[in-house]
Amino acid sequence: MLTINDKDFHRLVKFVHENYGIDLTKKRQLITGRLSNTILSMGFSSFEEYIDHLIKNRKPEDLELMLNKLTTNYTFFMREGAHFELFTNTILPYLEKTKKDRVLSIWSAGCSSGEEPYTISILLKEYFGAKASMWDTRVLATDISQNALHAATNAVYDEDSLKELSPSWKKKYFTQVDKGTYTVSQAIKSNVIFRTFNLMDPIKFRLKFDVIFCRNVMIYFDQQTKEALVDRFYNATNPGGYLLIGHSESINKSATKYQYLMPATYRKI
């Protein structure tokens, strides 16, 4: 395994933080463990050469690979189910009653390999049932990782990813590809729009959002970056809209305009 000196460690930490908002100041061991083989396979003999290459050339595929190595996130359908219960039992009835144009704007920010937005899409189909065609329920799903978005659009998952789904949902919304792998039904896939987006960029989508899911993403950000992102989320949220974050995450209540409702759940009042 390669070693990284203080100078190169701080160069990499600064570069990643300035461009992606990710805080690696306490991740020195993770950096060496996850990048050493990649660096050698690319033909570099040291972290210094590799970091020089990243900063000078900024090749998207190399930056993508580096980010994937350092921010892998385990996910599955119906992860942190309390949010989805709230979504079904509280948020959707509120939106059904108040959205006179029948257009819902829901964002899965940091969608990873697609389990979250597809779960949301399933819940929307279940909730609206026969009325679904009368509503625009398309879900915006974004991620900075092209690999993640490719996996999400491919939409093939193993048994472990589907472990929290009921047998009836599994039968209704998935088709078996081969032994142990399944793909999402076309009706669910077509209700999700995938886009590349860096959460450090200004949020300039056409509509403001009724619900923003940004779960287990901000664990990589320092406090200042997190607060700035939450502020951008607030400005991109419709009055009465919700922000849902990971249950292992928290927001400084005194630094946000969102109203705290319960752990990992905030609302723009």
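Looking only at distances, no side-chain donor or acceptor of His17 sits under 3.5 Å from a matching main-chain atom of Thr25. The backbone N or O of Ser112 sits less than 3.5 Å from a side-chain atom of Asp143, completing a donor-acceptor pair. For the pair Lys257 (side chain) and Asp231 (backbone), a donor-acceptor distance under 3.5 Å is absent. In terms of modelled atom types and a separation under 3.5 Å, the side chain of Lys100 and the main chain of Lys97 share a donor-acceptor contact. The closest donor-acceptor contact from the side chain of Thr88 to the backbone of Glu85 lies at 3.5 Å or more, if one exists at all. No donor-acceptor pair closer than 3.5 Å links the side chain of Tyr220 to the backbone N or O of Gly21. Side chain of Thr183 to backbone of Ala155: a donor-acceptor contact under 3.5 angstrom is found. Formation of a donor-acceptor pair under 3.5 Å by the Asn57 side chain with backbone atoms of Lys59 is not found in this model. Formation of a donor-acceptor pair under 3.5 Å by the Asp222 side chain with backbone atoms of Thr225 is found in this model. The closest donor-acceptor contact from the side chain of Glu249 to the backbone of Val217 lies under 3.5 Å.
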### Pair Leu54-Met66, side-chain contact (heavy atoms from CB on, under 4.5 Å): steps then yes or no
CA-CA 9 Å; Leu54 286 181; Met66 180 264 294; 4.3 Å; yes
### Task
List the steps and the verdict of side-chain contact (heavy atoms from CB on, under 4.5 Å) for Thr32 and Thr3.
CA-CA 6 Å; Thr32 56; Thr3 58; 5.8 Å; no
### Task
Begin from the C-alpha positions of Asn216 and Arg79 and carry the test side-chain contact (heavy atoms from CB on, under 4.5 Å) through to its verdict.
CA-CA 11 Å; Asn216 306 298; Arg79 183 182 183 186; 3.5 Å; yes
### side-chain contact (heavy atoms from CB on, under 4.5 Å) between Val103 and Leu207, intermediate numbers included
CA-CA 10 Å; Val103 176; Leu207 297 176; 4.1 Å; yes
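Tracing side-chain contacts under 4.5 Å through hydrophobic residues (I, L, V, M, F, W, Y), one reaches Val184 starting from Ile106; they form part of the same cluster. Following chains of ILVMFWY side-chain contacts shorter than 4.5 Å, one can reach Ile22 starting from Phe47, so the two form part of one hydrophobic cluster. The cluster map of Ile, Leu, Val, Met, Phe, Trp and Tyr, joined by side-chain heavy atoms under 4.5 Å apart, puts Leu243 and Val139 in different clusters. Note on Met1: it does not cluster hydrophobically with Ile31, by side-chain heavy-atom contacts below 4.5 Å among ILVMFWY residues. With hydrophobic clusters built from ILVMFWY side chains whose heavy atoms lie under 4.5 angstrom apart, Phe194 does not share a cluster with Phe205.
Side-chain contact of Glu64 with Ser145: a donor-acceptor pair under 3.5 Å is present, judged by distance alone.
The side chain to side chain contact (heavy atoms under 4.5 Å, CB included) test with Ile144 is passed by exactly one of Asn68, Asn19, Leu67: Leu67. The only option from Tyr258, Phe209, Trp107 that meets the ring-ring contact (aromatic ring centres under 6.0 Å, His included) definition with Phe233 turns out to be Trp107.
Side-chain contact between Cys111 and Leu149: present, with at least one pair of heavy atoms (C-beta onward) separated by less than 4.5 Å. The closest side-chain heavy-atom distance from Phe15 to Ile51 is not below 4.5 Å. Side-chain atoms of Tyr266 and Val230, non-hydrogen and from C-beta on, never get closer than 4.5 Å to each other.
In this structure, the separation between OG on Ser161 and CE on Met78 is 14.0 Å, given to the nearest 0.5 Å. Interatomic distance, Ser46 OG to Leu2 CG, rounded to the nearest 0.5 Å: 7.5 Å. Atoms CG and CG, from Leu261 and Leu86 in turn, are 8.0 Å apart once rounded to the nearest 0.5 Å. Summarising the geometry, atom CZ belonging to Phe213 is positioned 13.0 Å from atom CD1 belonging to Ile245; distances are rounded to the nearest 0.5 Å. How far CD1 of Ile91 is from OH of Tyr127: 11.5 Å, rounded to the nearest 0.5 Å. Separation of atoms CG (Leu229) and OG1 (Thr256) is listed at 10.5 Å; rounding is to 0.5 Å.
Dense packing is recorded around CD of Gln186, with more than 12 heavy atoms of other residues, nucleotides or ligands lying under 6.0 Å away.
Between Tyr157 and Phe77, the two ring planes are perpendicular [angle over 60°; tilted spans 30° to 60°]. In this pair, His53 and Phe44 present their aromatic rings tilted. The plane angle is within the 30 to 60° band.
Salt-bridge annotation for Glu96 and Lys131: present, with a side-chain N of the basic residue lying under 4.0 Å from a carboxylate O of the acidic one. In summary, Arg28 and Asp6 engage in a salt bridge, as defined by a charged side-chain N under 4.0 Å from a carboxylate O. Ion pairing between Arg215 and Glu116 holds under the 4.0 Å rule for side-chain N and carboxylate O.
For the pair Arg267 and Tyr94, the cation sits on the ring face: its NZ or CZ lies under 6.0 Å from the ring centre, inside 45° of the axis. Note that Lys163 lies in the cation-pi zone of Phe76, set by a 6.0 Å cut-off to the ring centre and a 45° limit from the axis.
Take Glu159 and apply the side chain to side chain contact (heavy atoms under 4.5 Å, CB included) test, not counting sequence neighbours, and it matches Lys170, Tyr182.
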